[in-house]
Amino acid sequence: MTILITGGAGFIGSNFVLDWLSASDERVINLDKLTYAGNVHNLAELANDPRHIFVQGDIGDAGLVAGLLKEHRPRAVLNFAAESHVDRSILGPGDFIQTNIVGTFHLLEQVRAFWSALEPQAQADFRFLHVSTDEVYGSLSSDDAAFTETHRYEPNSPYSASKAASDHLVRAYHHTYGLPVLTTNCSNNYGPLHFPEKLIPLMIVNAQAGKPLPVYGDGQQVRDWLYVKDHCSAIRKVLQGGRLGETYNIGGWNEKPNLDIVHTVCDLLDELKPRADGQSYRSQIAYVTDRPGHDRRYAIDARKIEQELGWKPTETFETGIRKTVQWYLDHPQWVAQVQSGAYREWVATQYAQV
Ligand code: NAD
Ligand code: DAU
């Protein structure tokens, strides 16, 4: 048996591939364009593993996708590939429209053609799992209930709007053509292999480099943090037992304001790698101009996946963040390798004022 994964060289995708192959011998075809966010070094331990076949390419390349489906005949396609960083979508939405909407459309078309030609039993067993985000639901006030699967879509950034559009396409391919789809909407992930443009890895990396820790606005925006390995186990559960056409919210029941997150990272670094001058890393915090249209609060109600599929996160924020900080301290070469010229250009543009 074989599964095809897109975006498997990114943060969540590479964690998923590594976890999958540590628990199963089922072959993985990994289609990834290797944008700035994709990193084959994430998968270095699989370099000589015949269960993992890496293909560099675009989900929007219809010929390539059709050829991979024909050759490898996967029983499932899991779509992780996306442009994923909100700040980049604000500076330049074009790539987000192209990959997240147009790319997903081309992928769906090729999967539909492949699936339509399968034998009835293989058709019934096939799954297309689309990995999405809680950001499609928009922003909550402090006293609003957490997002359920029936919450209205109210995306506020070009990123979340492009993910919302892709979710709608996936839904339509089920409703119209009967494609056996599943969609997951997850909250903020953190953990190993997280590209240091996102809040937690950026803070860990900047702190050690003696650089400012840029907190947008008042730092009181709330996110619901989930350790990446828990996200991966939730996706496996949904793939295995999710009801066709359904969406499943995935979250860690870990709502925290950004400033608390930054303080926690600083305190862990103070403990694990104290500054030579004895000062706390908290002294590096710098308040900077807020993100335009910044969503105030996300929170996931994860009761559906718990009740239907028996999934619960295994890490608390305290255990997960400690593992994460330790992972970055143990992998300075990975950090150095991802801080390429393109990374430095991004940091210089985004944080010019700091
Ligand atoms: P990421 O940016 O780390 O990785 C994305 C991967 O997709 C990269 O390897 C990149 O090379 C690849 N890619 C981009 N465009 C492609 C294309 N056109 N064709 C093939 N590959 C392409 O993202 P991530 O954080 O790992 O997120 C993975 C998925 O999970 C995304 O769909 C994202 O929207 C969703 N998600 C992320 C989070 C989070 O907190 N990171 C939370 C919820 C949902
Ligand atoms: O909620 C799920 C989403 O989480 C995913 O769909 C996205 O792909 C993922 O990038 C993430 O989006 P966020 O915008 O929430 O994550 P980010 O790490 O960019 O920012 C987290 C919070 O921290 C957000 O409120 C903005 C703030 N922030 C971020 C950066 C990079 C800062 O204050 N300073 C920073 O330098």
Side-chain angles (χ1 to χ4, degrees), residues 5-16 30-40 42-43 55-61 64-65 78-90 95-96 98-100 102-104 106-107 130-137 139 147 155 157 159-160 162-163 166-167 184-191 193-203 206 212-226 228 231 235 250-251 256-259 261-262 285-291 294-300 338 347 350-351 354:
I5 287 185
T6 72
F11 164 47
I12 302 172
S14 57
N15 273 287
F16 184 88
N30 185 350
L31 172 63
D32 193 296
K33 189 178 176 182
L34 294 183
T35 66
Y36 78 93
N39 183 357
V40 278
N42 292 356
L43 301 159
V55 180
Q56 182 173 4
D58 195 317
I59 57 168
D61 182 339
L64 174 64
V65 173
L78 284 76
N79 185 30
F80 292 84
E83 288 293 335
S84 70
H85 192 32
V86 174
D87 292 322
R88 286 185 188 256
S89 84
I90 294 167
D95 288 345
F96 290 73
Q98 204 53 42
T99 283
N100 301 359
V102 181
T104 301
H106 286 301
L107 180 66
H130 180 61
V131 179
S132 192
T133 170
D134 59 0
E135 299 201 11
V136 297
Y137 299 124
S139 185
F147 299 129
S157 72
Y159 163 69
S160 54
S162 68
K163 290 296 291 187
S166 68
D167 293 7
T184 56
N185 294 86
C186 189
S187 61
N188 285 61
N189 285 215
Y190 68 99
L193 304 170
H194 205 181
F195 193 75
E197 64 183 353
K198 308 280 170 66
L199 179 72
I200 289 179
L202 184 78
M203 295 298 147
N206 275 14
L213 307 179
V215 171
Y216 297 163
D218 63 2
Q220 292 307 314
Q221 304 82 6
V222 171
R223 299 291 183 266
D224 177 357
W225 294 93
L226 180 70
V228 64
H231 187 187
I235 291 172
I250 305 171
K256 306 248 182 237
N258 293 338
L259 194 58
I261 298 289
V262 177
I285 291 173
Y287 290 90
V288 301
T289 308
D290 209 351
R291 172 185 280 175
H294 200 168
D295 284 338
R296 195 67 182 167
R297 172 177 168 239
Y298 305 139
I300 281 281
V338 298
V347 169
Q350 173 68 7
Y351 300 103
V354 184

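Residues: numbered from 1 along the sequence shown. Both ligands and their constituent atoms are indexed starting at 1 by order of listing.
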Could you see which bit of [X] sits under 4.0 Å from ligand 2, with heavy atoms only: side chain, backbone, both or neither?
{"X": "Asp134", "answer": "side chain"}
{"X": "Leu202", "answer": "side chain"}
{"X": "Lys198", "answer": "both"}
{"X": "Asn188", "answer": "both"}

- Which residue pairs satisfy the salt bridge (Lys or Arg N to Asp or Glu O under 4.0 Å) criterion with at least one member in residues 213-222, sequence neighbours excluded? Asp218-Arg296

Atom indices of ligand 1 within 4.0 angstrom of [X] heavy atoms, with elements:
{"X": "Tyr159", "answer": "33 (C), 34 (O)"}
{"X": "Lys163", "answer": "31 (C), 32 (O), 33 (C), 34 (O)"}
{"X": "Asp58", "answer": "17 (C), 18 (N), 19 (N)"}
{"X": "Ser132", "answer": "43 (C), 44 (C)"}

- Task: Compare His294, His194, Arg296, Gln221 and give the one whose heavy atom is closest to atom 24 (C) of ligand 2.
- Result: His294

- From the candidates Ile12, Leu193, Asp61, Asn100, the one that places a heavy atom nearest atom 39 (C) of ligand 1: Ile12

- Item | Centroid-centroid under 6.0 Å between Tyr36 and Phe195 rings | yes

- Task: Supply the atom-to-atom distance Asn185 CG to Tyr298 OH, rounded to the nearest 0.5 angstrom.
- Result: 12.5 Å

Please say whether [X] places an N or O atom under 3.5 Å from an N or O atom belonging to ligand 2.
{"X": "Asp87", "value": "no"}
{"X": "Tyr216", "value": "yes"}
{"X": "Cys186", "value": "no"}

Quick one: look at [X] and ligand 1, take heavy-atom pairs under 4.0 Å, and tell me if it's side chain, backbone, both or neither.
{"X": "Ser14", "answer": "neither"}
{"X": "Phe16", "answer": "neither"}
{"X": "His85", "answer": "neither"}

Which of the numbered atoms in ligand 2 are below 4.0 angstrom from a heavy atom of [X]?
{"X": "Val86", "result": "14 (O)"}
{"X": "Glu197", "result": "31 (C)"}
{"X": "Val215", "result": "33 (O)"}
{"X": "Pro214", "result": "32 (C), 33 (O), 34 (N), 35 (C), 36 (O)"}
{"X": "Tyr298", "result": "1 (O)"}

Backbone N or O of [Y] within a donor-acceptor pair of the [X] side chain at under 3.5 Å?
{"X": "Asn188", "Y": "Arg223", "value": "no"}
{"X": "Asn15", "Y": "Phe11", "value": "yes"}
{"X": "Ser160", "Y": "Ser157", "value": "yes"}
{"X": "Lys163", "Y": "Val131", "value": "yes"}
{"X": "Asn30", "Y": "Gly8", "value": "yes"}
{"X": "Thr6", "Y": "Phe80", "value": "yes"}
{"X": "Asp58", "Y": "Lys33", "value": "no"}
{"X": "Asp295", "Y": "Arg297", "value": "no"}

- Query: Would His194 and Asn189 count as having a side-chain donor-acceptor pair, cut-off 3.5 Å?
  - Reply: no

- Message: Could you tell me if Asn100 and Ser166 have a donor-acceptor pair between their side chains, going purely by distance under 3.5 Å?
- Response: no

- So is there a nitrogen or oxygen of Thr99 less than 3.5 Å from a nitrogen or oxygen in ligand 1? yes

- Message: Geometry only, no angles: is Asn39 polar-contacting ligand 1 at N/O separations under 3.5 Å?
- Response: no

- For ligand 1, is Leu34 a contact, meaning one of its heavy atoms is under 4.0 Å away? yes

- Quick one: does Ala9 get a heavy atom under 4.0 Å from ligand 1? yes

